Amino acid sequence: MADRSGGANTTPPARDVPAVPGAGPDTPLVAVSRSGVSGDLPLTADWGPEDLVRA
């Protein structure tokens, strides 16, 4: 798991928050992807295929 919580801007884009029930500006964002994620996304953590297999 890549932890990106160390000082990163973790504020979700305002246009996306209303689309997720129960989500708000303080909700940590995470991603699961089989092909990786961009390093400039405001994510708290992300997981790839190897991470899921290890889990």
Side-chain angles (χ1 to χ4, degrees):
M1 174 177 81
D3 183 0
R4 299 182 182 176
S5 59
N9 177 7
T10 58
T11 304
R15 64 180 172 80
D16 296 337
V17 173
V20 180
D26 295 330
T27 302
L29 297 179
V30 299
V32 177
S33 171
R34 68 176 173 175
S35 60
V37 296
S38 174
D40 63 346
L41 294 174
L43 300 173
T44 300
D46 63 273
W47 294 273
E50 298 83 18
D51 300 311
L52 298 179
V53 170
R54 278 194 302 265

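Throughout, numbering of the chain's residues begins at 1 and tracks the sequence. Nothing here was measured: the structure is a model prediction, and the numbers come from that model.
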Worked verdict on Val37 versus Leu43 for side-chain contact (heavy atoms from CB on, under 4.5 Å): CA-CA 10 Å; Val37 296; Leu43 300 173; 4.1 Å; yes
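Nearest heavy atom pair, residue Pro28 against residue Thr44, reads CB-OG1, 3.4 Å. Shortest non-hydrogen contact noted between Ser33 and Pro49 is O-CD, 3.4 Å.
Rounding to the nearest 0.5 Å places CG of Leu29 at 9.5 Å from CG of Leu41.
Proximity of Val32 to Leu52: side-chain heavy atoms (C-beta onward) are separated by under 4.5 Å at one or more points.
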